[in-house]
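Encoded as structure tokens, the structure appears first; notes follow it.
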Amino acid sequence: MTGARQERYRRAALTALEIGVLAALYYGSAEAGLIQQLVRGQVTPLWPPSGIAVAALLLRGPRLWPGIALGAFLANITLGPSTGAVLAITAGNTLAPLCGYALLRRAGFRNRLDRLRDALALIFLGAFPGMLVSATVGTGTLVLAGVLHTRAFWPTWSVWWTGDAMGVLVVTPVLLVLSRARLPKGVPAARWLEAGLLVAATTGVGLLETTNTPLVFLGFPLLIWAAFRFQLAGAAPCALAVSTFAIMAATGSKGPFARHDLVTNMITLQAFNASAALTALLLSAVISERDQTQREIARACGRLADMVSRIAASEQLTVLPDDEVTGRPTSPAPLDPERTPPSGDGQARGSDERPSPHP
């Protein structure tokens, strides 16, 4: 009994620690995301805490929801107009990841994201539908609190919704990849060189995105390269980097985001971010499925070849004579005395010859 009680205490302490870590990560990523805010100091085109929350629920289970609530409360306490509004926004920010998590588990989502159905589920169940809760509750709360005009409801709602959805599409895959990352062994030097070139190219294209040159489309060849060569492990970080640089360009009104109003910039930015995330997720999932299919075909061919060789060996043993199988000579068959011809100097007589009666 004492051992069982200690085990319960240990599990409770571990859960409390995980909740505290999740709350800290949520709050820290919220502060980082608010640097790029576009509406009222608290609505950003990329909300990383939503991606962190969904990833935590997928990896550790729904028991960590208090960490999401605590982190959301700390992130909004200095921004909300009143305590009641902060609590309402916190409730929406907590329910949205839980809804996305429930939809993903209902669809049989796998954290490896190595199937096309998993990528589609994350997009059309975990991201866009799940984040409707936080956007609707948060924007409605701001309108009811009188800090946001009714005419600004839909623009603010669209920014809130797409920002939370982009957090799931861009941040969650990176965290799922990191959760099963291991130090690779036996990797050729050329592979490391290729990875370094990809990082350098992504950084260079990202810096171009933040200038007045409208070259944001150069990120898509990098996403295709990362997905084909490194699957999700390369495509997910690449999509996060490309989207981050695009957000920096939008907030600074650089490149394709120059000389446009807020609505136009938001539509352009979120269309670009969504396209980048979809390209990374779908293409890497398709490549992973193709590689898995090739490995299964190779294993099936190996088993079939082994089976054929065994069948051929069995048939060969069945056809061989006994002396070839055992290695011993076969003994001659006994002679039948009735059929043995009489010995003599002359030729054997025919069956129709009779002996002469004379001497």
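If you're wondering where the values come from, they're calculated on a predicted model, not measured in any experiment. Throughout, numbering of the chain's residues begins at 1 and tracks the sequence. Quick note: numbers below take in every heavy atom, side chains included, and nothing from hydrogens, waters or symmetry partners.
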For residues Pro256 and Val216, determine if any side-chain heavy atom of one lies less than 4.5 Å from a side-chain heavy atom of the other. yes
Give a yes or no answer on whether the side chain of Asp118 reaches the backbone of Phe109 with a donor-acceptor pair at less than 3.5 Å. no
Is any NZ, NE, NH1 or NH2 atom of the basic residue among Asp306 and Arg303 found under 4.0 Å from an Asp or Glu carboxylate oxygen of the other? no
Dump the intermediate steps for side chain to side chain contact (heavy atoms under 4.5 Å, CB included) on Val242 and Phe272, then the final yes or no. CA-CA 10 Å; Val242 169; Phe272 174 81; 3.4 Å; yes
Can you list the steps and then say if Tyr26 with Ile52 is a side chain to side chain contact (heavy atoms under 4.5 Å, CB included)? CA-CA 7 Å; Tyr26 192 104; Ile52 293 176; 5.5 Å; no
Are Ile89 and Val137 packed together at the side-chain level, in the sense that at least one heavy-atom pair is separated by less than 4.5 angstrom? no
When clusters are formed by joining ILVMFWY residues with side-chain heavy atoms under 4.5 Å apart, either directly or through shared neighbours, do Leu144 and Val147 land in the same one? no
Do Phe124 and Leu176 share a hydrophobic cluster, counting only Ile, Leu, Val, Met, Phe, Trp and Tyr and linking them when any side-chain heavy atoms are less than 4.5 Å apart? yes
Heavy atoms of Gly51 and Thr172 approach each other most closely as O-OG1, 2.9 Å
Does the side chain of Pro45 reach to within under 4.5 Å of the side chain of Gln270, using non-hydrogen atoms? yes
Shortest non-hydrogen separation from Thr202 to Leu222 and the atoms involved: CA-CD1, 3.5 Å
More than 12 heavy atoms of other groups within 6.0 Å of Arg106 CZ: no
Quick check: are there more than 12 heavy atoms from other residues, nucleotides or ligands sitting under 6.0 Å from CZ of Phe153? yes
Are any non-hydrogen side-chain atoms of Val54 and Leu175 less than 4.5 angstrom apart? no
Flag, side chain of Ser314 to backbone of Ile311, donor-acceptor distance under 3.5 Å: no
Quick one: does Thr15's side chain get under 4.5 Å of Arg63's, heavy atoms only? yes
Check whether any side-chain heavy atom of Arg259 lies under 4.5 Å from a side-chain heavy atom of Ser253, and answer yes or no. no
Spacing of Leu98 atom CG and Trp65 atom CH2 [to the nearest 0.5 Å]: 8.5 Å
hydrophobic_cluster_shared for Val174 and Met131, side chain cutoff 4.5 Å: yes
When rounded to the nearest 0.5 angstrom, what distance separates CZ in Phe73 from CD1 in Ile77? 3.5 Å
Presence of salt bridge, Glu18 and Arg60, under 4.0 angstrom: yes
Hydrophobic cluster identity match, Ile224 and Leu282, side-chain contacts under 4.5 Å: no
Can you tell me if Arg310 has over 12 outside heavy atoms packed within less than 6.0 Å of its CZ? no
Main-chain N/O of Asn265 paired with Thr268 side-chain donor or acceptor, under 3.5 Å: no
Any donor-acceptor N/O pair, Trp47 side chain to Met166 backbone, under 3.5 Å: no
In Å and rounded to the nearest 0.5 Å, what is the CZ to CZ distance from Arg110 to Arg105? 11.5 Å
Are more than 12 heavy atoms, taken from residues, nucleotides or ligands other than Arg151, located less than 6.0 Å from that residue's CZ atom? no
Would you sort out whether Phe230 and Leu198 count as a side chain to side chain contact (heavy atoms under 4.5 Å, CB included), showing the intermediate values? CA-CA 10 Å; Phe230 301 98; Leu198 178 61; 3.9 Å; yes
For Val168 and Ser50, work out which heavy atoms get closest and say how close. N-OG, 3.8 Å
Would you say Glu289's side chain and Arg115's backbone share a donor-acceptor pair under 3.5 angstrom? no
CZ/Phe245 to NZ/Lys254 distance, rounded to the nearest 0.5 angstrom? 13.5 Å
Considering only heavy atoms from C-beta outward, does the side chain of Gln6 approach that of Arg10 to under 4.5 Å? no
Neighbour count >12 (heavy atoms, 6.0 Å) for atom CZ, Arg191: yes
Looking at every non-hydrogen atom in both residues, tell me the closest pair between Ile247 and Leu46 and how far apart they are. CD1-CB, 3.1 Å
Interatomic spacing from CG in Leu120 to CG in Leu281 - rounded to 0.5 Å: 9.5 Å
If you compare all heavy atoms of Pro173 against all heavy atoms of Leu232, which two are closest, and at what distance to 0.1 Å? CB-CD1, 4.3 Å
If you count every heavy atom of other residues, nucleotides or ligands that lies below 6.0 Å from Phe228 atom CZ, does the total exceed 12? no
Around atom CZ of Arg299, are there more than 12 heavy atoms from other residues, nucleotides or ligands closer than 6.0 Å? yes
Nearest-0.5 Å distance, OG of residue Ser243 to CG of residue Leu169: 9.0 Å
Exercise: identify the closest heavy-atom pair between Ala271 and Ser275: O-OG, 2.7 Å
Look at atom CH2 of Trp157 and say whether more than 12 heavy atoms of other residues, nucleotides or ligands are closer to it than 6.0 Å. yes
Short question: side chain of Thr251, backbone of Met248 - any donor-acceptor pair under 3.5 Å? yes
Any chain of hydrophobic side-chain contacts (each under 4.5 Å) joining Leu59 to Leu17? yes
List the steps, then state whether side-chain hydrogen bond (donor to acceptor under 3.5 Å, both in side chains) holds for Ser134 with Asp164. CA-CA 8 Å; Ser134 58; Asp164 284 4; 2.5 Å; yes
Please walk me through it: do Trp225 and Leu197 pass side chain to side chain contact (heavy atoms under 4.5 Å, CB included)? CA-CA 11 Å; Trp225 177 14; Leu197 290 176; 4.0 Å; yes
Should Ile287 and Arg229 count as side-chain neighbours, where that means a heavy-atom distance under 4.5 Å? no
